[in-house]
Amino acid sequence: MRKNSLFALTVLLLLCSSVAVFAAKAKAKPKPAPKPAKAKAQSVMLAGDNGVFGTVYSIRKGYPIYFRLKSAEYTTDQMVIGDRLYAPKADEKLLVLHFTVQNPLKDEQYIRWDSLRFTAVDSMNINHEMGSDWGDEMNQGSLVMYLKPAQKADIYAGIMVSAKGIIPKLMVMSDYDGDGPILRYDLKNPKNAVAPLKKYVADPSDASGCTALETVPGESGTTYPCINFGITVQKSGYLEEGINGEELEEGIHYFTVTVLVKNKSPEKTYLRWDSIIPVLLSTDGEELNYKDMLLASANRGMDRDLKPGEEVTVRLCFELPKDATPQTLSIKEEESRTYEFKMP
């Protein structure tokens, strides 16, 4: 009886073990964790074809740089990069470029203004080279740095070009001759639209808005760029007393134009009577005698340095016969465009 019980118990244990093994085998295995998605590789084109704004191109064979031209505009404003001032003359405008460069190598790369060459070609097939500096978009400083692997820099720079018309072509190339093909941008292509000039300086006879006037109609209260200074005409009036300690001559009085002058240069700039060139014409077309640049309230001459960004109010003082009526005031700095104001 005892043997039969032991046999039955053994069979029962074997059956339970088999069921447990079968259940373990039948249990579904957990699914493996999904692999992390791979980051999409940056789409990069090789230079040598016509470029399109916003597209990344690889330039240079030896030490390649990834280059992307984001946007461009025409301007007659001054441009500051670090301690340099770029100011268009009367027959010029700036083609300002905004772009990125990126280091695709596993080692650092030294980057500065001559790492790439830029040439704008005008409608007369004349080449205009980029100035000798790149600006950091973050702080307007001069961009000179080591780019770490995959590091990118946002940059602006300018090319001084003719004041007339659209610049049809821009070329970007390696700083070493023969080190890779040239990247060419057709700036007449709508995909590469260059922003036109500000309306006040754009010649209305050119529908493109890309020709800059050399003589610009001015309005009181608006600031206009010259070379070192920004000029804002504020008001005008008569002065019936002498200046600089001198007696007022009989039969004349003074006409003054109050002007706000701002130093746009990154360096100290000297301001005195001949720093700007004002010409006042009467209703009879005669040029009236420019006497001095006076302080805002005292009848003494202005004569001192302005710090970078400093503004000062001065009065341009002209000698008028009492039978003369002022009509037109023109203001410019040497070589700058002229701004012409109607006098009240």
Side-chain angles (χ1 to χ4, degrees), residues 38-75 77-88 94-121 127-161 167 169-187 192 194 264-267 308:
K38 291 184 178 180
K40 289 185 179 180
Q42 181 176 217
S43 177
V44 179
M45 305 286 287
L46 292 176
D49 204 350
N50 289 330
V52 176
F53 284 14
T55 301
V56 180
Y57 297 92
S58 181
I59 302 178
R60 304 197 316 192
K61 288 182 178 178
Y63 295 90
I65 293 175
Y66 286 174
F67 171 83
R68 180 169 70 101
L69 182 54
K70 297 187 294 182
S71 63
E73 75 261 7
Y74 297 117
T75 185
D77 290 351
Q78 299 103 324
M79 181 182 74
V80 172
I81 298 178
D83 60 358
R84 292 175 183 247
L85 177 70
Y86 297 89
L94 269 170
L95 172 61
V96 180
L97 308 177
H98 301 273
F99 57 95
T100 63
V101 296
Q102 185 176 13
N103 178 16
L105 303 181
K106 294 181 179 180
D107 298 314
E108 291 183 339
Q109 280 208 77
Y110 185 63
I111 298 294
R112 65 176 193 177
W113 65 273
D114 56 355
S115 296
L116 295 172
R117 288 188 290 159
F118 295 76
T119 302
V121 184
N127 290 348
H128 303 267
E129 306 297 330
M130 176 173 284
S132 56
D133 226 338
W134 286 358
D136 187 333
E137 292 275 21
M138 294 291 291
N139 57 28
Q140 289 193 319
S142 181
L143 191 135
V144 179
M145 65 183 296
Y146 282 95
L147 278 184
K148 298 184 182 301
Q151 187 177 4
K152 185 188 297 181
D154 289 293
I155 302 167
Y156 70 97
I159 305 176
M160 207 69 74
V161 296
I167 302 300
K169 186 188 301 182
L170 174 69
M171 299 187 293
V172 186
M173 65 204 86
S174 169
D175 51 339
Y176 299 107
D177 288 335
D179 186 24
I182 296 172
L183 178 60
R184 294 176 172 84
Y185 289 88
D186 176 5
L187 300 184
N192 299 331
V194 179
K264 303 287 283 191
S265 170
E267 298 181 341

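Worth saying up front: this structure is predicted, and the values here are computed from it rather than measured. Sequence positions, counted from 1, serve as the residue numbers for this chain.
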| task | May I have the step-by-step check of side chain to side chain contact (heavy atoms under 4.5 Å, CB included) for Q102 and T100, ending in yes or no? | result | CA-CA 7 Å; Q102 185 176 13; T100 63; over 6 Å; no

| Out of curiosity, Y63 OH to D179 CG, how far, rounded to the nearest 0.5 Å? | 10.0 Å

| query | Are the charged groups of R117 and D177 less than 4.0 angstrom apart, N to O? | reply | yes

| remark: Residues at least two apart in sequence or cross-chain that pass ring pair (Phe, Tyr, Trp, His ring centres under 6.0 Å) with F118, listed by chain then number, are F67, F99

| field | Side chains of L95 and L187 in contact at under 4.5 Å (non-hydrogen atoms) | value | yes

| field | N/O donor-acceptor pair under 3.5 Å between Q109 side chain and P64 backbone | value | yes

| message | Looking at every non-hydrogen atom in both residues, tell me the closest pair between S174 and L116 and how far apart they are. | response | CA-CD2, 4.5 Å

| field | Polar side chain donor-acceptor pair, D133 to S142, under 3.5 angstrom | value | yes

| Do S115 and R60 have side-chain N/O donor and acceptor atoms under 3.5 Å apart? | no

| message | Looking at every non-hydrogen atom in both residues, tell me the closest pair between I167 and Y74 and how far apart they are. | response | N-OH, 2.9 Å

| said: Can you confirm whether more than 12 heavy atoms, excluding those of K70, are under 6.0 Å from its NZ atom? | reply: yes

| Say you draw a straight line from CD of E267 to CZ of R84; how long is it, rounded to the nearest 0.5 Å? | 10.0 Å

| said: Side chains of N127 and T119, heavy atoms from C-beta outward: is any pair under 4.5 Å? | reply: yes

| Interatomic spacing from CD1 in I65 to CG in N103 - rounded to 0.5 Å | 8.0 Å

| request: Take D77 and V96 through the side chain to side chain contact (heavy atoms under 4.5 Å, CB included) test and state the conclusion after the steps. | output: CA-CA 10 Å; D77 290 351; V96 180; over 6 Å; no

| request: Indicate yes or no for a side-chain donor-acceptor contact from Y86 to the backbone of A157 under 3.5 Å, with no hydrogens or angles considered. | output: no

| said: For the CG atom of L94 and the CE atom of M160, what is their distance to the nearest 0.5 Å? | reply: 4.0 Å

| remark: Note: L147 and A153 closest approach over all heavy atoms is CD2-CB, 4.2 Å

| said: For G51, is there any backbone N or O sitting under 3.5 Å from a side-chain donor or acceptor partner on N192? | reply: yes

| said: I need the minimum non-hydrogen distance between V80 and K264, along with the two atoms involved. | reply: CG2-O, 3.6 Å

| note | When every non-hydrogen atom of Q140 is compared with those of Y156, the smallest separation belongs to CA-OH, 3.3 Å

| field | Validation row: W134, I111 side chains within 4.5 angstrom (heavy atoms) | value | yes

| request: Give the C-alpha distance, both sets of side-chain angles, the deciding distance and a yes or no for side chain to side chain contact (heavy atoms under 4.5 Å, CB included) between L97 and M130. | output: CA-CA 10 Å; L97 308 177; M130 176 173 284; 3.7 Å; yes

| note | dist R184:CZ -> K169:NZ (nearest 0.5 Å) comes out at 6.5 Å

| task | Measure the spacing between CZ of R68 and NZ of K152 and express it to the nearest 0.5 Å. | result | 5.5 Å

| message | Taking side chain to side chain donor-acceptor pair (under 3.5 Å) as the definition, give me every residue that meets it alongside T55, ordered by chain and number, with sequence neighbours left out. | response | none

| note | Nearest heavy-atom contact between D154 and L143 is O-CD1, 4.4 Å

| task | List the steps, then state whether side chain to side chain contact (heavy atoms under 4.5 Å, CB included) holds for W113 with D175. | result | CA-CA 10 Å; W113 65 273; D175 51 339; over 6 Å; no

| query | Got a sec, which residues hit ring pair (Phe, Tyr, Trp, His ring centres under 6.0 Å) with Y146, two or more places apart in sequence or on another chain? | reply | Y110

| remark: In L170, V172, L183, the residue satisfying side chain to side chain contact (heavy atoms under 4.5 Å, CB included) with L69 is L170

